[in-house]
Amino acid sequence: MLSSFLFPDSIKVGLESSEKEECFAELLELFIPTNPSLNRSEALDALLKREEKLSTAVFPYVAVPHAVCKSISKTTVVIGISRKPIEFDSIEPDNSKTVPVNLIFEILFQENDTQSRLNALRDILSLVSNQEFLKEVLAAKTSQQVYDIIVSYEL
């Protein structure tokens with residue numbers, strides 16, 4: 001269950017960043033309370049390298065940037081909601097257009113933890129494929145509301 005990888009304090013409603021790279025860095029700060037030894041530079045580099053390979057914009061309005069990070073103590077998910085869309089490259093290789101993203105699930109995976117990686121990605125994709133879930137999360141005003149919505153859809 002996705003809720004096992006996060007908690008209300010790992011969710012930020014109202015991201016301040018307007019660019020993808022800034023957004024990645026802003027969301028990295030949400031990892032620090034549970035992973036104080038996180039190397040921000042290493043994590044940001046890993047996220048950017050992964051994004052260069054193929055866009056992580058997986059659905060309209062949703063991106064799932066993710067990377068393996070040596071300095072993370074356990075697989076962790078943070079969520080950011082931006083009121084103004086952040087432009088991500090299209091996932092379609094032949095499409096040079098960008099896509100607007102408002103909901104970002106940023107994940108750092110612990111090395112050699114393939115099962116958690118698969119579980120987190122599966123759970124996120126299951127949730128975001130539900131249009132009602134997306135509407136509710138994007139309308140949420142607080143981190144606790146977002147967390148409660150996730151838990152209610154997991155039941």
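Scope of the values below: all heavy atoms of this structure, side chains included, with no hydrogens, waters or symmetry mates.
The backbone N or O of D123 sits nowhere less than 3.5 Å from a side-chain atom of S126 that would complete a donor-acceptor pair. In this structure, the side chain of N35 does not engage the main chain of L38 through any donor-acceptor pair within 3.5 Å. Between the side chain of S17 and the backbone N or O of E19 there is no donor-acceptor pair closer than 3.5 Å. With hydrogens and angles ignored, the 3.5 Å screen pairs no side-chain donor or acceptor of E26 with any backbone N or O of L15. A distance-only check finds a donor-acceptor pair linking the side chain of R83 to the backbone of L138 [under 3.5 Å].
Counting all heavy atoms, side chain and backbone alike, A57 lies closest to D89 at CB-O, 3.9 Å. The two atoms that bring S73 and Q110 nearest to each other are O-NE2, 3.1 Å, heavy atoms only. The shortest heavy-atom contact between L134 and L103 is CD2-CD2, 3.7 Å. Heavy atoms only, all atoms of each residue included: E51 and T56 are closest at OE1-OG1, 2.5 Å. Nearest heavy-atom pair, I86 versus S18, reported as atom, atom and distance to 0.1 Å: CG2-O, 4.1 Å. When all heavy atoms of R50 and H66 are compared, the closest pair comes out as CG-O, 2.9 Å.
Using a 4.5 Å heavy-atom threshold, the side chains of N39 and K70 count as separate. Side-chain contact between V62 and F105: present, with at least one pair of heavy atoms (C-beta onward) separated by less than 4.5 Å. Contact check for C23 versus I104: side-chain heavy atoms found under the 4.5 Å cut-off. Annotation: side chain of F109 is not in contact with side chain of I72 (no heavy-atom distance under 4.5 Å). Put simply, the side chain of F133 reaches to within 4.5 Å of the side chain of I150, judged on heavy atoms.
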| said: Using the rule given for side-chain contact (heavy atoms from CB on, under 4.5 Å), can you reason through I107 versus F5, listing the C-alpha separation, both sets of side-chain angles and the distance that settles it, and then say yes or no? | reply: CA-CA 9 Å; I107 313 169; F5 294 103; over 6 Å; no
| task | Starting from the C-alpha separation in whole Å, work towards a yes-or-no answer on salt bridge (charged side-chain N to carboxylate O under 4.0 Å, His left out) for K49 and E52. | result | CA-CA 5 Å; K49 283 179 185 172; E52 286 174 8; over 6 Å; no
| request: Decide side-chain contact (heavy atoms from CB on, under 4.5 Å) for E136 and Q145; before the verdict, give the C-alpha distance in whole Å, the side-chain angles of both, and the deciding distance to 0.1 Å. | output: CA-CA 9 Å; E136 288 183 42; Q145 286 177 332; over 6 Å; no
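Atom CZ in R40 sits 11.5 Å away from atom SG in C69 (nearest 0.5 Å). Atom-to-atom distance recorded for L27:CG and E22:CD is 12.0 Å, nearest 0.5 angstrom. With values rounded to the nearest 0.5 angstrom, E111 atom CD is found 9.0 Å from R117 atom CZ. Here the straight-line distance linking atom CD1 of I81 with atom OG of S143 works out to 8.0 Å at 0.5 Å rounding. With rounding to the nearest 0.5 Å, the separation of CD1 in I79 from CG in L6 is 5.0 Å. Atoms CD1 and CD, from I149 and E132 in turn, are 11.0 Å apart once rounded to the nearest 0.5 Å.
V68 and L118 fall into different hydrophobic clusters, defined by Ile, Leu, Val, Met, Phe, Trp and Tyr side-chain heavy atoms under 4.5 Å apart, directly or through other members. Clustering ILVMFWY residues whenever any of their side-chain heavy atoms sit less than 4.5 angstrom apart, transitively, puts L44 in the very cluster that holds V78. Following chains of ILVMFWY side-chain contacts shorter than 4.5 Å, one can reach L127 starting from V13, so the two form part of one hydrophobic cluster. Both V137 and Y147 belong to a single network of hydrophobic side chains, linked directly or stepwise wherever heavy atoms of I, L, V, M, F, W or Y lie under 4.5 Å apart. Both V58 and Y153 belong to a common hydrophobic cluster when Ile, Leu, Val, Met, Phe, Trp and Tyr are linked at side-chain heavy-atom distances under 4.5 angstrom.
Shown are D113, N119, T114; of these, the side-chain hydrogen bond (donor to acceptor under 3.5 Å, both in side chains) with S116 is made only by D113. Just one of V77, T34, T76 meets the side chain to side chain contact (heavy atoms under 4.5 Å, CB included) condition when paired with F7; it is T34.
In this structure, Y61 places its OH atom where only 12 or fewer heavy-atom neighbours from other residues, nucleotides or ligands lie under 6.0 Å away. No more than 12 heavy-atom neighbours from other residues, nucleotides or ligands sit within 6.0 angstrom of CD on E21.
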